[in-house]
There are 2 protein chains.
Amino acid sequence: MAKSDAATPRERYRAQVRAEIKQHAWEQIATAGASALSLNAIAKRMGVSGPALYRYFAGRDELITELIRDAYRSLADAVHAAAVTGADPAALAHVLRDWALADPHRYFLIYGTPVPGYHAPDEITGISQEIMADLLTAWTAFEPDAPASPFAAHLADHRDWAGDHPAPPGVLRRALAFWTRLHGVLSLELAGHFTGMGFDPALLFQAELDGLVGCEG
Amino acid sequence: MAKSDAATPRERYRAQVRAEIKQHAWEQIATAGASALSLNAIAKRMGVSGPALYRYFAGRDELITELIRDAYRSLADAVHAAAVTGADPAALAHVLRDWALADPHRYFLIYGTPVPGYHAPDEITGISQEIMADLLTAWTAFEPDAPASPFAAHLADHRDWAGDHPAPPGVLRRALAFWTRLHGVLSLELAGHFTGMGFDPALLFQAELDGLVGCEG
DNA sequence: ACGAGGAGTTACAACTTCTCACGAATGCAT
DNA sequence: ATGCATTCGTGAGAAGTTGTAACTCCTCGT
């Protein structure tokens with residue numbers, strides 16, 4: 001980040017304080033969830049008064065928006081780091097699972113119940129497409145001739161979300177199923193809906209992952 | 001409900017006020033989400049003072065707990081109503097989807113980001129098992145000899161969640177995939193993660209539904 | 001008819017986000 | 001180095017929230 005290095009001292013201080021605020025916010029989210037995030041509590045822990053934080057964030061919404069952006073960025077980076085080493089879809093799936101288990105609240109910040117007044121800025125959709133691009137590339141390398149179902153044909157006709165990625169229809173469908181099915185298992189597991197059911201969520205995740213290869217739909 | 005009919009006038013009045021409070025709560029949740037639910041606002045709309053509500057609910061948590069319970073009950077009733085007519089899994093899937101689309105916030109109350117201090121009472125797990133029982137019955141009738149994968153064998157060894165339902169291993173796995181896959185699609189759709197991606201969520205839902213039959217995993 | 005208990009009220013405490021006006025510290029330019 | 005301008009942090013305070021406590025009043029059962 002050359003820009004932040006070359007900035008004025010004031011800007012550097014500002015960026016540092018913003019980062020410190022966000023760090024405290026993450027700690028608070030990790031323990032009590034995003035809905036319990038309190039600017040006042042953050043200020044108290046930092047040893048400053050409440051209104052001081054408003055010099056750095058316009059309000060709670062802007063802070064949460066930034067945290068969501070950072071969470072997306074973190075996930076995209078994790079996926080991309082694995083993707084550039086030529087990881088296959090299964091490896092990417094475990095990167096996703098590990099990332100989610102490392103901080104469930106962070107996962108829910110992205111994929112959980114939407115925040116009431118929040119609307120994703122364009123930057124988010126861009127990051128989302130980055131992740132999807134890595135998924136499409138991995139699936140293209142792994143199973144370039146995935147069978148094309150009728151729904152895959154529909155996807156081929158509506159492939160805005162794939163950017164200009166040249167993945168064939170069958171791969172589009174694979175990547176989408178990868179996302180929705182693994183999210184289905186992960187979100188239920190993280191929300192605790194499997195506790196007390198007896199089976200091992202990790203095995204279910206693996207089974208869903210295995211089921212992604214070799215059947216149409 | 002014979003009990004509420006035979007109760008004293010005071011108890012009947014009490015039940016009626018509780019129902020009215022919950023109704024206003026649902027309206028508020030439908031518009032702004034559960035996190036924006038305010039006892040004060042409910043009281044204002046009912047024309048009473050804030051603390052009056054504490055005669056009927058111990059606090060916000062108890063009200064939300066009850067709403068979650070009612071939501072589960074509503075879903076279980078919807079599924080069961082279809083199940084008793086001998087509906088196949090596809091029909092149950094559309095019942096689920098219709099129920100979710102009718103009030104996304106209600107769906108998220110059950111399957112979305114867990115409420116911080118909330119722990120499901122035993123009654124909830126009971127209702128959850130009711131739903132699962134209807135699913136298992138429908139799948140057993142539809143595809144009694146579903147193939148048993150290694151994971152299905154694991155499920156057969158850990159079938160607490162199925163109660164005493166005699167569904168074979170392959171059916172256990174089908175019902176579980178039904179739940180997780182459809183939830184994966186639904187929750188992402190309701191949270192708006194598909195908006196701007198171009199394709200039709202209904203077709204994706206249908207494709208995932210179709211994919212549930214005829215492949216192992 | 002009367003006593004007991006429930007319902008609703010106001011007042012208050014402890015929170016929350018967020019605005020405003022003020023003083024102090026800091027960096028930049030002269 | 002001096003002075004100005006911008007920014008930072010503060011305290012006060014408004015408008016909310018949940019939740020408690022004490023008090024009145026009405027109603028219901030005896």
Colleague: Can you find a side chain N or O atom of B/Arg55 that sits less than 4.0 Å from OP1 or OP2 on C/dT9?
Modeller: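 So the side-chain polar atoms of B/Arg55 never come under 4.0 Å of the phosphate oxygens OP1 or OP2 of C/dT9.
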Colleague: Distance check needed: D/dG19 P versus B/Leu63 CG, whole Å only.
Modeller: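 Spelled out: CG on B/Leu63 to P on D/dG19 is 10 Å.
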Colleague: Base, sugar-phosphate or nothing for A/Tyr56? Non-hydrogen atoms, less than 4.0 Å.
Modeller: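 Counting heavy atoms under 4.0 Å across all strands, the contact made by A/Tyr56 is with sugar-phosphate only.
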Colleague: Rounding to a whole Å, what distance do you find between B/Ile64:CD1 and D/dT17:C1'?
Modeller: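 From B/Ile64 CD1 to D/dT17 C1': 13 Å.
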Colleague: Of the nucleotides C/dT10, D/dG9, C/dT19, which one has an atom closest to the side chain of A/Pro51?
Modeller: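 Per side-chain heavy atoms of A/Pro51, the pick is C/dT19.
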Colleague: Ring of A/Phe151, cation from A/Arg173 - is the NZ or CZ under 6.0 Å from the centre and inside 45° of the axis?
Modeller: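 Here A/Arg173 fails the 6.0 Å and 45° test against A/Phe151.
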Colleague: Angle between ring planes, B/Phe142 versus B/Trp139, binned at 30° and 60°: parallel, tilted or perpendicular?
Modeller: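 Ring orientation, 0 to 90° scale: perpendicular.
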Colleague: State yes or no: are the ring centers of A/His183 and A/Tyr111 separated by less than 6.0 Å?
Modeller: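 When the ring centroids of A/His183 and A/Tyr111 are compared, they turn out to be within the sub-6.0 Å range.
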Colleague: Whole-Å distance between D/dG9 P and A/Tyr54 OH?
Modeller: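 One finds 15 Å between P of D/dG9 and OH of A/Tyr54, rounded.
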Colleague: Is the shortest side-chain heavy-atom distance between B/Leu135 and B/Leu176 below 4.5 Å?
Modeller: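 Answer no - side chains too far apart.
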Colleague: Distance from B/His94 atom NE2 to B/Gln206 atom CD, nearest 0.5 Å?
Modeller: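 Answer rounded to 0.5 Å: 4.5 Å.
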Colleague: Go through it in stages, so that I can follow the logic: the residues are B/His158 and A/Asp200, the test is side chain to side chain contact (heavy atoms under 4.5 Å, CB included), and I'd like the CA-CA distance, side-chain angles, deciding distance and then a yes or no.
Modeller: CA-CA 9 Å; B/His158 303 82; A/Asp200 183 357; over 6 Å; no
Colleague: Rounded to whole Å, how long is the line connecting atom CG of B/Asp61 with atom C1' of D/dT18?
Modeller: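 Taking CG of B/Asp61 and C1' of D/dT18, I get 10 Å after rounding.
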Colleague: In terms of the nearest nucleotide of DNA chain C, which residue is placed more toward the 5' end: A/Gly59 or B/Val17?
Modeller: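 Per heavy-atom nearest nucleotide, the more 5' residue is B/Val17.
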Colleague: Please confirm whether B/Arg106 makes a cation-pi placement over B/Trp99, using NZ or CZ under 6.0 Å from the six-membered ring centre and within 45° of the ring normal.
Modeller: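 Satisfied, under 6.0 Å and within 45°.
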Colleague: Separation of A/Lys44 atom NZ from C/dT16 atom C1', in whole Å?
Modeller: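 Going from NZ in A/Lys44 over to C1' in C/dT16 covers 10 Å.
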Colleague: Within this structure, what is the CG-to-P distance between A/Leu53 and C/dT19, rounded to whole angstrom?
Modeller: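 The answer, rounded to whole Å, is 13 Å.
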Colleague: Report the distance from atom CZ of A/Arg14 to atom P of D/dT6, rounded to the nearest whole Å.
Modeller: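 The answer, rounded to whole Å, is 15 Å.
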Colleague: Which parts of residues 23-42 of chain A get close to DNA chain D, meaning a heavy atom less than 4.0 angstrom away?
Modeller: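 When residues 23-42 of chain A is checked for heavy atoms under 4.0 Å from DNA chain D, there are no hits whatsoever.
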Colleague: When the distance from CZ of B/Phe57 to C1' of C/dA7 is rounded to whole Å, what number comes out?
Modeller: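 Whole-Å distance recorded here is 15 Å.
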Colleague: Could you tell me whether the side chain of A/Ile42 reaches within less than 4.5 Å of the side chain of A/Leu37, counting heavy atoms only?
Modeller: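 They are in contact (side-chain heavy atoms under 4.5 Å apart), so the answer is yes.
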Colleague: Below the 4.0 Å mark, does C/dG6 have OP1 or OP2 next to a side-chain nitrogen or oxygen of B/Tyr13?
Modeller: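 It does not, given that no N or O in the side chain of B/Tyr13 lies less than 4.0 Å from OP1 or OP2 of C/dG6.
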Colleague: Using a cut-off of 4.0 Å between protein heavy atoms and nucleotide atoms, how would you tag nucleotides 24-30 of chain D 5' to 3' with B, S and -?
Modeller: ---BSS-
Colleague: Hey, can you tell me if B/Phe199 and A/Trp161 have their rings parallel, tilted or perpendicular (30° and 60° cut-offs)?
Modeller: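 It falls in the perpendicular class, over 60°.
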